[in-house]
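To start, the structure itself, in structure tokens.
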Amino acid sequence: MANNEELFKQIISHAKEYGFIFPSSEIYDGLSAVYDYGEYGVELKNNIKQYWWKAMVQYHENIVGIDSAIFMHPTIWKASGHVDAFNDPLIDNKDSKKRYRADVLIEDHIQKIEDKINKEVEKAKKRFENFDETLYRQTNQRVVEYQQKIDDITARYAELMNNTDLAGLKALIEELGIVCPISGTKNWTDVRQFNLMFATQMGSVAEGADTIYLRPETAQGIFVNFLNVYKTGRMKIPFGIAQIGKAFRNEIVARQFIFRMREFEQMEMQFFVRPGEELKWFDYWKQNRIKWHQDLGIAPENYRFHDHEKLAHYANAATDIEFKFPFGFKELEGIHSRTDFDLSQHEKYSGKKLRFFDSETNESYVPYVIETSIGVDRMFLAVFSHAYTEEKLEDGSTRVVLRLPAKLAPIKAAVLPLVKKDGLPEKAREVMDMLKPYMMCQYDEKDAIGRRYRRQDAIGTPYCITIDNQTMEDNTVTIRERDSMEQKRVPIKELLADIKF
RNA sequence: GCGAUAGUAGCUCAGUUGGCAGAGCGGCGGCUUCCCAAGCCGCAGGUCGCGGGUUCGAACCCCGUCUAUCGCUCCA
């Protein structure tokens, strides 16, 4: 593990040193958990987005894309559940330094009392023949007292939660004598609340203005445009809407480099299906998405599914595609069967019918939804950290090489005159100009050729094209391949056909 | 947010008891070189994370603070 930590640090510093990722606002000491993409980072990121967009929108005739605004009507976040569900009251124990959700502490306490009741019932079961459990629960004094306690706590707890009465929650925890499972003490901090959505105001006068949230997911922009796209795109079920865009979450702690950032980018697709067919499509997208990952040529053992046992209230099936990051297997992409929850909620809150008329079955219904949701930044980190390799060469030297999939590499080809004389630079410029319209290229004439190869290795350029004296005679160049370091000689006019990405 | 660790040139780091701010690599400009980093010459690059205190004098001691990594916690 210490080794992996070391490796992860090297990856982070490589990303910075070679212009992939910089800490945000660095000259002002940085801004916690926010990062900027540099000159190569933006290329890699754009290539990832393009690879996704092509796989989803271009290859699927029944999927179209949209680009919805980050600002949305505030009621959308009430309908989606984000306003309520993403407000966790948190409390710390000062002795153990552990943090808990205040509501979970209280619920656990209630559970303990319930356990006591069950114990009584079990005991009684053994003692009496012809045991009537319902009657026992209603009449046994101890059980009745426990049950009253539960009802009392539950009622007060519900009210406190509804009123977001944080001081009241703390008082209740203290009154119930809830202790920290680790330290065993009742030395609690105040209950604090972290709203996971960033809020701002729309309108020039703050007082009269509505609170607007920066979207915490791109999915809702798709749901609220369901009707528009369905009609203008002449879509027939099953069909999908894809979107790539920024989302914002005020994470309590954002860690692990770009894995969890406060501002991040999502690639989401919502696939609308006939009710009852959702699990079939869930399975289809599960297979389709894992294939997308593996088509990059990254070994399959780096991926695994993690099926959710506990499902969110809106889902009836959910799985994560996890990737083996340097800090362990972590979620890279989520595939969720969201039922008709979102569209139904928006029907309720907007008063508009969000239904599809199925001419095959001659009925109209709220479609069920399969969602695929992947973080661009996480995908970047997956690809980047997997590609980073320190290699020991035969001569005992080492080289750092980014074995990026060629189609994602920021620079596809470097054009290098072997020496800076004899007209080689001029010839190299010609080759450069020929390739430029078709791919990102780089020209470099500084330093010994070996050093230039290493520089390209460090940013993951799959091909180095070298112009030498023979080029001047027969218009051929050498192509040096990044991973094998092998070279072959090809005519300049065949160069474009020979570079594959 | 709590705890641990760290922060000196672009990177990696040294800096003696508190006494002139250093090295290697990298970058840039040359020289050399016909194929895989570490040949030669030269140049640039520093609020020692930031703020305060102690001191004749602070990169070094003290206090505060920011940022990062890890752990706890949370998670679409």
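A, B, ... follow the sequence lines: proteins, then strands. Residue 1 opens every chain.
Straight-line distance between the C1' atoms of B/C75 and B/A37: roughly 43 Å, to the nearest whole Å. Taking atom P on both B/C41 and B/C25, the two are 11 Å apart, rounded to the nearest angstrom. Between B/C63 and B/A9, the distance separating the two P atoms is 24 Å to the nearest Å. Remark: the separation of the P atoms in B/C13 and B/G49 is 15 Å, to the nearest Å. A distance of about 12 Å separates the C1' atoms of B/C74 and B/G1, rounded to the whole Å. Comparing the same atom, C1', in B/C2 and in B/G10 gives a spacing of 34 Å after rounding to whole Å. Comparing B/A38 with B/G26, their C1' atoms sit 12 Å apart, to the nearest whole Å. Nucleotides B/C62 and B/U5 place their P atoms 14 Å apart, quoted to the nearest Å.
Between B/G27, B/G30, B/C35, one nucleotide has an atom nearer to the side chain of A/K420 than all others, and that is B/G30. For A/L418, counting side-chain heavy atoms from C-beta on, the closest listed nucleotide (B/C35, B/U12, B/U69) is B/C35. You'll find that the side chain of A/F8 is closest to B/C70, out of B/C70, B/C35, B/G27. Comparing atom distances between the A/K446 side chain and each of B/C28, B/U33, B/U69 picks out B/C28 as nearest. Residue A/R489 places its side chain closer to B/C35 than to any other of B/C35, B/U12, B/U69. Side-chain proximity of A/R260 to B/G27, B/U69, B/C74: nearest is B/C74.
Taking the ring centre of A/F325 as origin, the terminal cationic atom of A/K330 falls outside the region bounded by 6.0 Å and 45° from the ring axis.
With a 3.5 Å ceiling on both atom-pair distances, the Watson-Crick or G-U wobble partner of B/G42 is B/C28. Applying the Watson-Crick and G-U wobble criteria (two distances, each under 3.5 Å), B/G7 pairs with B/C66. Across all strands shown, B/U54 has no partner, as no Watson-Crick or G-U wobble contact with both distances under 3.5 Å is found. Under the Watson-Crick or G-U wobble criterion, with both distances below 3.5 Å, B/A59 is left unpaired in every strand shown. Base pairing analysis places B/C2 opposite B/G71; the two distances defining the Watson-Crick or G-U wobble pair are each below 3.5 Å. Base pairing of B/A23: its partner is B/U12, meeting the Watson-Crick or G-U wobble criterion (both donor-acceptor distances under 3.5 Å). Shown here, B/U17 forms no base pair; nothing in the strands shown gives a Watson-Crick or G-U wobble contact with both key distances under 3.5 Å.
Taking side-chain N and O atoms only, A/R451 has no distance below 4.0 Å to OP1 or OP2 of B/A37. At B/U33, one or more side-chain N or O atoms of A/K421 fall inside 4.0 Å of OP1 or OP2 (strictly under the cut-off). Checking the phosphate oxygens (OP1, OP2) of B/C11, a side-chain nitrogen or oxygen of A/K16 falls inside 4.0 Å.
No hydrogens or angles were tested; on distance alone, nothing pairs the side chain of A/R480 with the base of B/C35 as donor and acceptor under 3.5 Å. For B/C11, its base never sits under 3.5 Å from the side chain of A/E17 at any donor and acceptor pair. Taking 3.5 Å as the limit, the base of B/C36 and the side chain of A/D457 contain no donor-acceptor pair of atoms between them.
In this entry the distance linking NE2 of A/H14 with C1' of B/A68 reads 19 Å, nearest Å. Between the CZ atom of A/R454 and the P atom of B/C35 there is a distance of 15 Å, given to the nearest Å. Between the CG atom of A/D422 and the C1' atom of B/U33 there is a distance of 11 Å, rounded to whole Å. Rounding to whole angstrom units, OH of residue A/Y453 and P of B/A38 are separated by 14 Å. Rounded to whole angstrom, the span from the CD atom of A/E390 across to the P atom of B/U12 amounts to 13 Å. Atom OH in A/Y35 sits roughly 11 Å away from atom P in B/U67 (whole-Å rounding). Between the CZ atom of A/R455 and the P atom of B/G26 there is a distance of 9 Å, given to the nearest Å. Taking atom CG of residue A/D468 and atom P of nucleotide B/U33, one finds them 16 Å apart after rounding to whole Å.
Checking A/R489 against A/Q470 by side-chain atom types alone, a donor-acceptor pair falls below 3.5 Å. Using modelled atom types and a 3.5 Å distance limit, the side chains of A/E268 and A/T218 yield a donor-acceptor pair.
Within 4.0 Å (heavy atoms only), A/P23 reaches no atom of the nucleic acid at all. Among the heavy atoms of the strands, none lies under 4.0 Å from A/E371. When heavy atoms are screened at a 4.0 angstrom cut-off, A/Q470 is found touching no nucleic acid atom at all.
The aromatic rings of A/H346 and A/F223 sit tilted relative to each other, their planes meeting at an angle between 30° and 60°.
Aromatic ring centroids of A/Y18 and A/F20 lie 6.0 Å or more apart. For A/F257 and A/F259, the distance between ring centers is not under 6.0 angstrom.
Between A/K49 and A/N46 there is a side-chain heavy-atom pair separated by less than 4.5 Å.
Summarising the geometry of A/G460 relative to A/L404, their closest heavy-atom pair is CA-CD1, 4.3 Å, with the distance given to 0.1 Å.
Of the two residues near RNA chain B, A/G334 and A/D447, the one whose nearest nucleotide lies more 5' is A/D447.
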